[in-house]
J.: 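Starting off with a structure, shown below.
Basis for what follows: all heavy atoms, side chains included, without hydrogens, waters or symmetry-related copies.
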Amino acid sequence: MGSRFRPAVTLPILVFLQIIPGVTGQYSIIPPDSPVLGVVGNGAILPCQLQGKIIPEKLSIQWILSGSSTESAVATFDGKNPQNPFLEFEGYWGRTEFFPSEFHQGNLSLLLKNVHPSDKGKYTCSVFLDNWYDQVVVELDVAAQGAEPSVFLDGHAGNGISLSCRSQGWVPAPSVVWLDSQGQTRPEEVTTQSTPSPSSGIFDVVSSMSLEPGSDREVSCRVVNEVLNATRESRVRIADSFFPSTSPWMIASLIILSVDLGILGAGVYKMKRSFLETRKAERSRKEAAAEKDRLKAELEFSRSTAEAGKLERTQRLGKRLFCVGVACETWFM
């Protein structure tokens with residue numbers, strides 16, 4: 001586009017176009033059939049088609065956004081100012097473009113680039129050619145399809161669990177539908193809240209519900225943009241283990257765990273008892289062996305004492321017998 005807004009140059013054009021009455025004759029503007037839909041971040045063409053032979057040097061065009069209480073100039077073209085025919089206004093610098101090569105064909109449309117949520121509204125295309133003036137209103141709707149939603153487990157809620165579905169980047173605020181495994185709307189109560197960004201006007205959405213035991217465990221969160229007729233959806237299946245301990249699965253698990261602990265305890269007790277009995281038997285065996293050794297030693301000592309006494313008595317008896325026939329002092333040494 002050309003240069004930016006210059007109040008001293010553009011104001012006369014604004015005033016002039018507004019005071020000239022509409023004149024019918026050799027020209028006419030073809031009104032659009034329906035509103036224009038602009039996707040955030042993309043471009044949108046605001047149509048303004050003039051019928052009749054056009055001389056661009058005599059042509060003036062002005063695009064204005066009409067709000068609820070104010071009007072904002074968007075862009076202008078002034079064929080009588082060949083050095084600087086294009087002007088853009090604040091908020092639209094670098095975002096507008098005319099089609100000057102198609103002016104002679106009556107195409108006075110405006111390309112609006114990088115559409116913002118704030119661009120939504122009614123735009124007026126005002127055209128002045130010689131002594132003729134007319135205008136047409138073009139409505140621009142703005143929409144954006146957000147990100148794929150994510151389903152979160154927020155915690156327990158009574159006997160069930162609390163789920164939330166979150167997604168970002170929607171224009172306008174979307175609707176959220178929770179579905180079951182058959183694709184039908186779930187009967188649970190749902191709370192949905194959409195929050196626009198203060199700077200961009202783009203919406204984030206959060207939807208919550210509670211899933212009770214015994215209900216369909218397959219859950220889908222579908223976010224719908226009715227303007228674009230577009231959806232994003234995520235599907236999850238909630239396992240029994242996420243529910244509180246009162247669930248049948250948890251009870252069965254606790255019973256199995258108790259049985260396993262009982263078996264384990266009995267096995268440990270049996271092993272401990274066997275170990276103690278083995279230690280006791282080993283100690284008894286050692287005590288018996290020690291007693292046996294003690295008795296054996298006493299027996300050996302008794303035998304040795306008896307043999308010594310017997311030998312002494314035998315020697316004494318032999319001495320007396322031998323001394324009968326000979327002198328004892330010469331034989332007994």
Side-chain angles (χ1 to χ4, degrees), residues 1-67 70-142:
M1 282 300 300
S3 63
R4 297 180 177 178
F5 172 48
R6 298 178 182 178
V9 175
T10 308
L11 184 58
I13 297 176
L14 295 173
V15 174
F16 182 74
L17 290 178
Q18 291 179 2
I19 63 176
I20 298 296
V23 179
T24 59
Q26 56 182 330
Y27 304 110
S28 63
I29 300 178
I30 302 174
D33 297 332
S34 59
V36 176
L37 178 59
V39 177
V40 172
N42 294 345
I45 295 178
L46 305 177
C48 185
Q49 182 65 43
L50 185 66
Q51 284 185 328
K53 186 177 180 180
I54 297 175
I55 301 176
E57 291 76 12
K58 298 181 179 182
L59 175 67
S60 295
I61 312 168
Q62 184 181 44
W63 281 93
I64 298 174
L65 172 60
S66 300
T70 60
E71 290 185 345
S72 301
V74 178
T76 63
F77 169 79
D78 183 7
K80 299 177 182 180
N81 184 10
Q83 286 78 23
N84 192 22
F86 301 101
L87 294 177
E88 291 178 311
F89 294 80
E90 184 176 0
Y92 298 92
W93 293 333
R95 294 207 299 130
T96 64
E97 184 177 340
F98 285 98
F99 302 91
S101 62
E102 300 181 19
F103 280 169
H104 66 282
Q105 300 175 0
N107 184 9
L108 312 181
S109 303
L110 182 71
L111 171 61
L112 182 60
K113 306 174 184 178
N114 188 21
V115 172
H116 299 167
S118 58
D119 292 334
K120 175 182 171 62
K122 294 182 179 180
Y123 292 78
T124 301
C125 175
S126 301
V127 181
F128 177 78
L129 189 60
D130 290 333
N131 294 324
W132 178 88
Y133 165 78
D134 201 359
Q135 65 181 24
V136 68
V137 176
V138 180
E139 185 173 357
L140 175 65
D141 285 336
V142 177

J.: Donor-acceptor pairs under 3.5 Å, side chain of residues 50-59 to any protein atom, not counting sequence neighbours: which ones?
T.:
from  : atom 1 : to    : atom 2 : distance (Å)
Gln51 : OE1    : Ser28 : OG     : 3.1

J.: Mind checking whether Trp63 and Leu112 have side chains closer than 4.5 Å, heavy atoms only?
T.: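 Counting from C-beta outward, Trp63 and Leu112 never come under 4.5 Å.
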J.: Show me the pairs that pass disulfide (SG to SG under 2.5 Å) and involve residues 101-134, at least two apart or across chains.
T.: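 Pairs touching residues 101-134 that pass the test: Cys48-Cys125.
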J.: Once you round to the nearest 0.5 Å, how far does OG1 of Thr96 lie from CG of Leu87?
T.: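 Atom-to-atom, Thr96:OG1 and Leu87:CG are 9.5 Å apart.
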J.: Quick check: closest heavy atoms across Val142 and Pro117, and the distance to 0.1 Å?
T.: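 Scanning both residues completely, I find the closest heavy atoms to be CG1-CA, 3.8 Å.
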J.: Could you check Leu46 against Leu140 for side chain to side chain contact (heavy atoms under 4.5 Å, CB included), going step by step and ending with a plain yes or no?
T.: CA-CA 8 Å; Leu46 305 177; Leu140 175 65; 4.3 Å; yes
J.: Run the side chain to side chain contact (heavy atoms under 4.5 Å, CB included) check on Val127 and Asp134 step by step: do they pass?
T.: CA-CA 6 Å; Val127 181; Asp134 201 359; 5.8 Å; no
J.: Please examine the side chains of Phe98 and Pro85, heavy atoms only from C-beta on, and report whether any two atoms are closer than 4.5 Å.
T.: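 Pro85 vs Phe98: side chains apart.
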J.: Quick one: closest heavy-atom pair of Ser126 and Gln135, and the distance?
T.: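 Result for this residue pair: OG-OE1, 3.5 Å.
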J.: Who passes side chain to side chain donor-acceptor pair (under 3.5 Å) against Ser109, sequence neighbours left out?
T.: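 So Ser109 forms a side chain to side chain donor-acceptor pair (under 3.5 Å) with Asn107.
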J.: Indicate yes or no: at least one non-hydrogen side-chain atom of Ile64 is less than 4.5 angstrom from one of Tyr123.
T.: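 They are not in side-chain contact.
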J.: Identify the two heavy atoms, one from Asp78 and one from Ser60, that lie closest to each other, and give their separation to 0.1 Å.
T.: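 Smallest heavy-atom distance, with atoms named: OD1-OG, 3.5 Å.
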J.: Which heavy atom of Leu129 sits nearest a heavy atom of Tyr27, and at what distance?
T.: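 Heavy atoms only, the tightest pair is CD2-CZ, 3.2 Å.
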J.: Hey, is Glu88 close enough to Arg95 for a salt bridge, meaning N to O under 4.0 Å?
T.: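 No.
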J.: Checking Phe103 now: which residues fulfil ring pair (Phe, Tyr, Trp, His ring centres under 6.0 Å) with it, not counting sequence neighbours?
T.: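 Ring pair (Phe, Tyr, Trp, His ring centres under 6.0 Å) check on Phe103 returns Phe77.
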J.: If every non-hydrogen atom of Asp119 is compared with every non-hydrogen atom of Leu65, which pair is closest and at what distance?
T.: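 Asp119 and Leu65 have their closest heavy atoms at O-CD1, 4.4 Å.
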J.: Can you name the residues that form a side-chain contact (heavy atoms from CB on, under 4.5 Å) with Gln105, not counting sequence neighbours?
T.: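 Scan of Gln105 (side-chain contact (heavy atoms from CB on, under 4.5 Å), adjacent residues dropped) gives Glu102.
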J.: Provide the closest heavy-atom pair for Phe89 versus Ala75 in the form atom of the first, atom of the second, distance.
T.: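 Of all heavy-atom pairs spanning Phe89 and Ala75, the closest is CD1-N, 3.7 Å.
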J.: What's the separation between atom CG in Asn131 and atom CZ in Phe128, rounded to the nearest 0.5 Å?
T.: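 Rounded to the nearest 0.5 Å, the CG-CZ separation comes to 6.0 Å.
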J.: Is there a side-chain contact between Ile45 and Phe99, using heavy atoms and a 4.5 Å cut-off?
T.: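 Yes; the side chains approach each other to less than 4.5 Å.
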J.: Quick one: side chains of residues 32-40, donor-acceptor pairs under 3.5 Å with protein atoms, not counting sequence neighbours, listed by atom name and distance.
T.:
none

